[in-house]
Amino acid sequence: MKMKCLAIGLIMCSFLTSYSQETNAPEFGKGLFNLMGKDSTWSAKIAARMQFLSSTTWTENSNGDFTDPHFNALIRRARLKFDGFVYSPKLSYKLELGLSNRDISGGSQYTSDAPRYILDAVVMWNFYQNFELWVGQTKLPGNMERVISSGNLQMVDRSLLNGQFTLDRDMGIQLRHFSNLSDTFLIREIISISQGEGRNVTTGNLGGHQYSGRLELLPFGEFKGGDEYSGADLKREKSPKLMLAATYNLNLNAVKTRGSQGNYMVTDYGFHKTNINTLFLDAMFKYNGFSFMAEYAHRDADDPFARNIDGSLTGDVVQVGHGLNLQTGYLFNNNLEISGRYTNVELNNNITGENPENQYTLGLSKYIVGHKLKVQTDISYLSVGNGPDELMYRLQLDVHF
C-alpha cells in the first residue's frame with residue numbers, strides 16, 4: 001500500500017508541476033505528462049497502461065470430451081512508467097512499476113515477503129560513441145519475445161516457449177554496442193553480468209552470477225522506429241527488413257529450476273546448485289504489413305536433480321529441454337490483423353516427467369491507435385502428449401496513455 005500511495009503521489013506531483021512550467025500536452029499514447037527542467041538538465045515522461053483480460057478454457061476429460069468452461073476475468077497488467085534523462089541526454093533512465101496482482105505476485109522470503117512492485121529501474125549511459133552502459137534491474141538480452149514489451153505484443157500474450165525458457169529481468173550491468181558493416185548492414189552486441197536470481201531479490205546472491213551475450217544481425221538495415229522489437233508490422237516497412245539473433249546465457253551455481261526463474265531448489269543442507277546453460281536463436285522479418293517471428297530455445301544443466309545430503313531426491317529438477325515458436329501475421333489497410341502461432345515445448349521427460357506440448361493459436365487484432373489502444377482476441381488448442389488437451393479463448397483490451 002505504501003508503494004501504491006507513493007506512485008499516486010508521484011503522479012499528482014507531476015500534474016501540479018506541469019502547471020508551474022511550460023509543457024506541451026502530449027498526444028494520446030505518448031505519455032500523461034512530458035516534463036522538461038527549466039535549465040534543460042532533466043526530463044521526465046510519465047505514462048500509464050492497462051490490460052483487461054478475459055479467458056475461457058475447456059479441458060479434455062477421461063472420456064475424450066471437453067469439460068464445462070472455466071471463465072476468468074482479471075486486470076492482467078497495470079503499469080506506471082517513468083523515463084527521460086538526467087544531467088545530459090546521454091544519461092537516460094527508466095522506471096516501471098507494476099500494480100496489478102499479477103504484476104506484484106511471486107513474493108517470498110527472498111524478496112522479504114513483499115510485493116514485487118519494481119519491474120524496471122535502470123540507468124543507461126551512452127559514454128562513448130556507439131557504446132552504452134546499463135546499470136540496474138531490467139530485462140536481460142534473452143529471447144526476442146520477452147524483450148518485446150507486453151504492450152506491443154502481436155497476440156494476447158506471449159507463447160509457452162517464453163513462459164518456460166525466458167531469462168526475464170535481473171539486477172546487474174549490460175554493455176551494448178552497435179556498428180555498421182555497410183550502409184545497410186547493422187550489427188549489435190550485448191554483454192550482461194547479473195545477480196542470477198531474478199528481480200527484487202533482497203537477500204543477496206544465493207547462488208552464482210549469470211552471464212549473457214547476444215549478437216544481432218540486421219542485413220537490410222534498421223527497422224522503422226526500432227520496430228523489430230514490436231509485434232505486427234504497424235510501420236508497414238517499404239522494403240524487407242530482417243533481424244537474426246543469438247543469445248547464450250550461463251547461470252553459474254544456479255539455485256532455481258529455470259535459472260533465474262522458477263522455484264528455489266531447497267535441500268536439507270541449503271540449496272542445490274548447478275550450472276545452467278540456455279541458448280536462444282531468433283529471427284524477425286517484416287515487409288509491407290506481413291510479419292514473421294521465429295524462436296528456438298534450449299536449456300541444459302550439469303546436474304539437474306536436487307538432492308539432500310544423503311543423496312535422496314527432493315523432487316525439484318532443472319527444467320531442461322527445448323522449445324520452438326513460430327508466429328506470423330498480416331495487417332490489412334484497415335489496421336485489422338490476422339495472426340497465427342505454433343509453439344512446441346519438449347522438456348526432458350526422463351528428468352522432468354513432463355510430456356511434450358504443442359499449441360496452435362489463431363489471433364485477431366484491431367489496432368485503433370497502434371499498440372496504444374487495441375482489442376485482441378485469440379483461440380488456442382493445446383495438445384499434450386499422454387495428457388489432457390485444452391481449448392482456450394481469450395479477449396483483451398489494451399489502453400496505454
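Heads up: numbering here begins at 1 and tracks the sequence.
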(request) Would you confirm whether Gln164, through its side chain, and Glu346, through its main-chain N or O, come within 3.5 Å as a donor-acceptor pair? (result) no
(message) Run Asn308 and Thr267 through side chain to side chain donor-acceptor pair (under 3.5 Å) and show every step you take.
(response) CA-CA 5 Å; Asn308 292 312; Thr267 69; 4.9 Å; no
(message) If you count every heavy atom of other residues, nucleotides or ligands that lies below 6.0 Å from Glu390 atom CD, does the total exceed 12?
(response) yes
(message) Between Arg146 and Asn162 (side chain of the first, backbone of the second, donor and acceptor by atom type, cut-off under 3.5 Å), is there such a pair?
(response) no
(message) Check the orientation of Tyr264 and Tyr110. Use parallel for under 30°, tilted for 30 to 60°, and perpendicular for over 60°.
(response) tilted
(request) Using a strict cut-off of less than 4.0 Å between a Lys/Arg side-chain nitrogen and an Asp/Glu carboxylate oxygen, indicate whether Glu337 and Lys374 qualify as a salt bridge. (result) no
(message) Looking at Asp227 and Lys241, is there a salt bridge between them, counting it only when a charged N and a carboxylate O are closer than 4.0 Å?
(response) no
(message) Is it true that Asn277 and Tyr248 share a donor-acceptor pair across their side chains at a distance under 3.5 Å?
(response) yes
(message) Can you confirm whether Leu234 sits close enough to Leu331 that some side-chain heavy atom of one is under 4.5 Å from a side-chain heavy atom of the other?
(response) yes
(message) Under the rule for side-chain contact (heavy atoms from CB on, under 4.5 Å), what residues qualify as partners of Ser88, not counting sequence neighbours?
(response) Lys90
(request) Quickly, which of Val122, Val135, Ile191 forms a side chain to side chain contact (heavy atoms under 4.5 Å, CB included) with Ile173? Name it, please. (result) Val135
(message) Has Thr257 got a side-chain atom pairing as donor or acceptor with Gln319's backbone, closer than 3.5 angstrom?
(response) no
(message) My understanding is that only one of Arg116, Arg169, Gln137 makes a side chain to side chain donor-acceptor pair (under 3.5 Å) with Asn200; could you say which?
(response) Gln137
(request) Please identify each residue that fulfils ring-ring contact (aromatic ring centres under 6.0 Å, His included) with Phe292, with sequence neighbours left out. (result) none
(request) Give a yes or no on whether the backbone of Leu364 and the side-chain of Thr377 come within a donor-acceptor separation of less than 3.5 Å. (result) no
(request) Say whether, by atom type as modelled, one donor and one acceptor occur between the side chain of Glu295 and the main chain of Leu161 under 3.5 angstrom. (result) no
(message) Tell me whether Leu91 at atom CG has more than 12 heavy atoms from other residues, nucleotides or ligands lying less than 6.0 Å away.
(response) yes
(request) Check whether any side-chain heavy atom of Ile187 lies under 4.5 Å from a side-chain heavy atom of Phe185, and answer yes or no. (result) yes
(message) Hydrogens and angles aside, do Arg77 and Gln51 bring a side-chain donor and acceptor to less than 3.5 Å of each other?
(response) yes
(message) Any salt bridge linking Asp120 with Arg79? Criterion: basic side-chain nitrogen under 4.0 Å from a carboxylate oxygen.
(response) no
(message) Keeping Glu132 on the side-chain end and Asn130 on the backbone end, is there a donor-acceptor pair under 3.5 Å?
(response) no
(message) Counting neighbours of CH2 on Trp125 that are heavy atoms of other residues, nucleotides or ligands and sit closer than 6.0 Å, is the number greater than 12?
(response) no
(request) Taking the side chain as every heavy atom from C-beta outward, state whether Thr41 and Val86 have any pair of such atoms under 4.5 Å apart. (result) no
(message) So does Ser291 get a backbone contact from the side chain of Thr328, meaning a donor-acceptor N/O pair under 3.5 Å?
(response) yes
(request) Can you establish whether the number of heavy atoms outside Lys366 located under 6.0 Å from its atom NZ is more than 12? (result) yes
(request) State, with a plain yes or no, whether a side-chain heavy atom of Phe165 is found less than 4.5 Å away from one of Asn143. (result) no
(message) Walk me through whether Phe178 and Leu186 qualify under side chain to side chain contact (heavy atoms under 4.5 Å, CB included).
(response) CA-CA 7 Å; Phe178 71 88; Leu186 176 67; 3.9 Å; yes
(request) Please list, chain by chain and in numerical order, all residues satisfying ring-ring contact (aromatic ring centres under 6.0 Å, His included) with Tyr342, sequence neighbours excluded. (result) Tyr360
(message) Quick one, Arg394 with Gln396, criterion side chain to side chain donor-acceptor pair (under 3.5 Å). Give me CA distance, side-chain angles, the key distance, then yes/no.
(response) CA-CA 7 Å; Arg394 299 184 293 188; Gln396 182 167 271; over 6 Å; no
(message) Is it the case that the ring center of Tyr296 lies less than 6.0 angstrom away from the ring center of Phe280?
(response) no
(request) Look only at the side chain of Thr67 and the backbone of Thr59, and say whether a donor-acceptor pair between them is shorter than 3.5 Å. (result) yes
(request) Evaluate whether atom CD1 of Ile75 has more than 12 neighbouring non-hydrogen atoms of other residues, nucleotides or ligands under 6.0 angstrom away. (result) no
(request) Keeping to residues at least two apart or across chains, list the salt bridge (charged side-chain N to carboxylate O under 4.0 Å, His left out) pairs with something in residues 204-218. (result) Arg188-Glu216, Arg214-Glu216, Arg214-Asp282
(request) Using a 4.5 Å cut-off on heavy atoms from C-beta on, say whether the side chain of Leu32 contacts that of Lys81. (result) no
(request) Would you list the pairs meeting salt bridge (charged side-chain N to carboxylate O under 4.0 Å, His left out) in which at least one residue belongs to residues 42-62, sequence neighbours left out? (result) Arg49-Glu96
(request) Applying side chain to side chain donor-acceptor pair (under 3.5 Å) between Ser212 and each of Asn251, Thr278, Asn249, report the one that passes. (result) Asn249
(message) Do Lys273 and Leu206 have side chains that approach each other closer than 4.5 Å (heavy atoms only, starting at C-beta)?
(response) no
(message) Can you tell me which residue among Thr56, Asp378, Val375 is in a side chain to side chain contact (heavy atoms under 4.5 Å, CB included) with Leu395?
(response) Val375
(request) Mark yes when over 12 heavy atoms from residues, nucleotides or ligands other than Asn61 sit less than 6.0 Å from its CG; otherwise mark no. (result) yes
(request) Kindly say whether Tyr381 contributes a backbone atom to a donor-acceptor pair with the side chain of Asp389 at under 3.5 angstrom? (result) no
(request) Give me the one residue out of Phe131, Phe127, Tyr128 that meets ring-ring contact (aromatic ring centres under 6.0 Å, His included) with His177. (result) Phe131
(message) With a 4.5 Å cut-off on side-chain heavy atoms, are Met392 and Gln359 touching?
(response) yes
(request) Applying ring-ring contact (aromatic ring centres under 6.0 Å, His included), name anything that partners Tyr367, two or more places apart in sequence or on another chain. (result) His371
(request) Examine distances only and state if a side-chain atom of His272 and a backbone atom of Asp303 form a donor-acceptor pair shorter than 3.5 Å. (result) yes
(request) Could you walk me through whether Asp168 and Thr166 pass the side chain to side chain donor-acceptor pair (under 3.5 Å) test, one step at a time? (result) CA-CA 5 Å; Asp168 198 36; Thr166 182; 4.9 Å; no
(message) Evaluate Asn72 against His70 for side chain to side chain donor-acceptor pair (under 3.5 Å), listing each step before the verdict.
(response) CA-CA 7 Å; Asn72 187 32; His70 174 73; 5.7 Å; no
